[in-house]
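Down below is the structure, laid out as structure tokens.
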Amino acid sequence: MTVPTSPEGQEALLAMPERGPRRIAGAAGPTGRKPGPAKGAPEPAAQAPVARVVVDTPLPHLDRPFDYLVPASMDADAVPGCRVRVRFAGKLTDGFLLERAENTDHEGRLAFLERVISPEPVLTAEIAGLARAVADRYAGTMSDVLRLAVPPRHAKVEAEPRPPQESATSAQGAAPGGADGGGTGRSETEGAKPGRSPAAGAGPGGADRGGTGRSDVDAGHWRAYPAGESFLAALADGRSPRAVWSALPGTDRDGPSWPYAVAAAVRATLASGRGAVVVLPDGKDVALADRVLGDTPHVAITADLGPAERYRRWLRVLRGEVPVAVGTKAAAFAPVADLGLAVIWDDGDDLHDEQHAPYPHAREVLALRAHRAGAAMLIGGYARTVEATRLIASGWARPLVGRREEVRARAPRVRPAGDDAEMARDEAARAVRLPSLAWRALRRGLEHGPVLVQVPRRGYLPVLACQNCRALARCGHAGCSGPLALRSGHAAPYCRWCGRIAGDWRCGACGGRRVRAVVTGSRRTAEELGRAFPSVTVRTSGRDEVLATIGAAPALVVATPGAEPVPDGGYAAAVLLDGWALLGRPELRAAEEALRRWMNAAALLRPGAEAVVLADSSVPAVQALVRWDPVTHAERELGERAELGFPPVTRVATLTGPPSAVREMLASVELPAGAQVLGPVPVEGPRSGGDRESELERAMIRVPRAQGAALARALKGASGVRSARKAADLVRVRVDPLDPV
DNA sequence: CATTCGCGGTGA
DNA sequence: CACCGCGAATGC
């Protein structure tokens, strides 16, 4: 099977043999020219002897395909998409074979492939094109993106016998030519397709084939959304609507409803003969979706599976054995054949932001992918990000929101308890510093089931302030002024910088002698609440130990945002302590992020249950929570970004590195018209304490959105100059960082 | 990053 | 006039 992926391109080249770039010496005939192949050299393959290879190198100026000769001995194995090993700049390097060709543009003599690692075509044409697009968007290299997109090979797994061919569920969206994973034979020429009109809620009634009762039940999960059923119908009909979905809150015996709605959309897509990818923030959500999808053919891919099982499932997707991949952000690249739908849930969760170069965001990857592949997209969440809101504003996607009366019926009753709230009289409650409103809500809730207390993540940790004037409590030791904190089990506060115990602390501002915790860490909150409700079980769930679910029995659940256990039947009440930590922060997304966390917790309540948020009711994010109106809030945020000239209305890149390097790069980069440079400003390094001259600086470059691609290109060029010269002082380039400020 | 290439300087 | 050395260019 040596047929190249893009037959048209092949014929075009064959049609102009003589004027064509260069014929390959060996291919023309083994007549043994003067400088011909050395005597030990292998014979090139008779057909399409040129292999275009993406070489695995981090160097930006080498980010393009290189041509090699395919030895006749490797002819059969050297298929488009396979992993190869080549000699590059002297040493052996890994790479992917993009395509086979008759000719080369290269002036010099071509080297032979060193070997084909395996004939498995792991890089499909679609994913290769996507990786290129993502690299261009983020000023990165294709090989960096491929490292994120294609899992490391596991030879043993690859060699395992394939499952019996016709297993009824398989053979879903296999391309006409067989399951060689090469997408739908769409040509890999550059440029995104114009994209179809957003059809969420467009055309009526699609044929509901592929099931009887199933699709009725599925439709039920979207009935509360006016445009929901036509969205499903469009998917089933083979069309590609794009929607930003504001999921209705409320958790009942079946758990939260969003996984059912997602499963319904996936099954509708399957009914049209196409596949789907579903990207979720963490393993807990993947497990949930996995369970709800049930016998719908799919695989769940998460990091905790281990390399072998992970690769095994990924291969099933590649080989077309399953049409649906569910997983965390890497799943955005899952090589689903004939993609019909891309789903992302809770796109505001920062777990969707890739931590490896070039730092792509899963929502952007999926949007690019859906656009290029002509697939539908579903961006869902309880809250609404400004980025998703912009996609609506630009006309790329349509809103998918619940009927107002459904919102009212399912949302919890949220009551704010601001700073001036009356503190609980109860001695125990006083110790927890809970307003009486919150205290009573927990009490009442505990009569009916589990209650949730959402506390700030660690890291937002116990900072102490003067109880009187709220000034930050600082270490009184000469010249230190470090922040004070409490350790569990110790009564006296200690300094987080010098470690001294602050026995007789006195406020520098007002002379007060008592401290209060401005933000309390989860461990401590759990301890205190345990004392306050002595007869109740206290469970904690946080970063290090996440509790996925919790039973229906009364219990006090203390959890950090994102780690809230899904309760059997919904929480009976909740208190949200997290807001105080967030709302005061300087980040651009502080309000949006606070609202997102609150909504994610509050959505786990039973309809009508009581939630108390410890924040002032005048704050817009609090009002949005009370009215359960994420849309208006996000639109307002988008308006503010537009005014300030911040992403996603503009495009921004940050350059971080040693001052001299940052300045040098700024000087050499050829910025597109309309670019604005802010800074550079000093930024605290990875570790506080500034011991070395390792001080870092950060500059920000801002351009109109339309110049985004030009900016990325310019930055890549400039970083190429740098890294080629001196590897040492690296400037890290980030396009559209989560929070540029 | 590793290697090669080419120009200018240097020494016999 | 041959050779050495270092900076720039290149990597198939």
Side-chain angles (χ1 to χ4, degrees), chain A residues 4-5 9-10 13 20-28 33 35-38 40-75 77-117 123 128 131-132 135 139-144 146-147 188 356-358 657-658 661 664-665 667-670 716-733:
Chain A
T5 32
Q10 202 60 36
L13 282 172
R22 269 177 79 87
R23 302 237 75 207
I24 301 308
R33 294 239 170 127
E43 227 22 61
Q47 299 281 313
V50 174
R52 295 207 215 292
V53 175
V54 205
V55 179
D56 180 22
T57 160
L59 299 175
H61 61 288
L62 297 180
D63 186 22
R64 62 197 157 90
F66 289 85
D67 289 353
Y68 286 83
L69 281 176
V70 179
S73 62
M74 302 179 197
D75 186 34
D77 284 349
V79 297
C82 75
R83 300 180 214 255
V84 294
R85 209 156 164 78
V86 295
R87 196 166 290 280
F88 186 72
K91 53 178 197 181
L92 285 176
T93 315
D94 292 318
F96 294 97
L97 195 157
L98 282 183
E99 59 173 342
R100 295 279 297 265
E102 267 335 303
N103 309 303
T104 180
D105 284 338
H106 184 57
E107 304 284 328
R109 183 182 304 158
L110 298 187
F112 282 91
L113 296 178
E114 195 71 22
R115 77 193 182 89
V116 174
I117 306 249
L123 180 60
R132 181 70 267 158
T141 65
M142 182 161 168
S143 70
D144 274 348
L146 289 177
R147 227 183 315 256
E188 260 326 297
H356 297 106
E664 198 177 327
M665 185 162 170
S668 70
V669 69
E670 286 169 33
K716 195 169 155 191
S719 63
V721 174
R722 275 222 67 76
S723 67
R725 209 166 28 222
K726 237 175 204 147
D729 38 20
L730 285 158
V731 176
R732 180 154 54 155
V733 176

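These numbers come from a predicted model, not from an experiment. Chain identifiers are assigned alphabetically (A, B, ...) following the order of the sequence lines, protein sequences preceding nucleic acid strands; residue numbering begins at 1 within each chain.
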Quiz prompt | A:P44 side chain reached by A:F112 side chain, heavy atoms, under 4.5 Å | solution = yes

Quiz item: Are A:R83 and A:D77 within salt-bridge range, i.e. N to O under 4.0 Å?
Solution: no

Practice problem: Could you list the residues that satisfy side-chain contact (heavy atoms from CB on, under 4.5 Å) with A:R115, not counting sequence neighbours? | Solution: A:M74, A:R85, A:I117

Quiz item: Once you round it to whole Å, what is the distance between P of B:dC1 and CG of A:D56?
Solution: 16 Å

Quiz item: Please give, in whole Å, the distance from B:dC1 P to A:L62 CG?
Solution: 13 Å

Practice problem: Could you state the atom-to-atom distance from CD of A:E107 to P of C:dC12 in whole Å? | Solution: 14 Å

Quiz prompt | d(CG, A:L59; P, C:dA9) in whole Å | solution = 16 Å

Exercise. Nearest whole angstrom, please: distance from the P of C:dC12 to the CG of A:L92.
Key: 13 Å

Quiz item: Can you name the side-chain contact (heavy atoms from CB on, under 4.5 Å) partners of A:D67, sequence neighbours left out?
Solution: A:V50, A:R52, A:T104, A:L110

Quiz item: Rounding to a whole Å, what distance do you find between A:L98:CG and C:dC12:C1'?
Solution: 13 Å

Quiz prompt | Separation of C:dC12 C1' from A:Y68 OH (nearest whole Å) | solution = 5 Å

Quiz item: In whole angstrom, what separates A:F88's CZ from B:dT3's C1'?
Solution: 12 Å

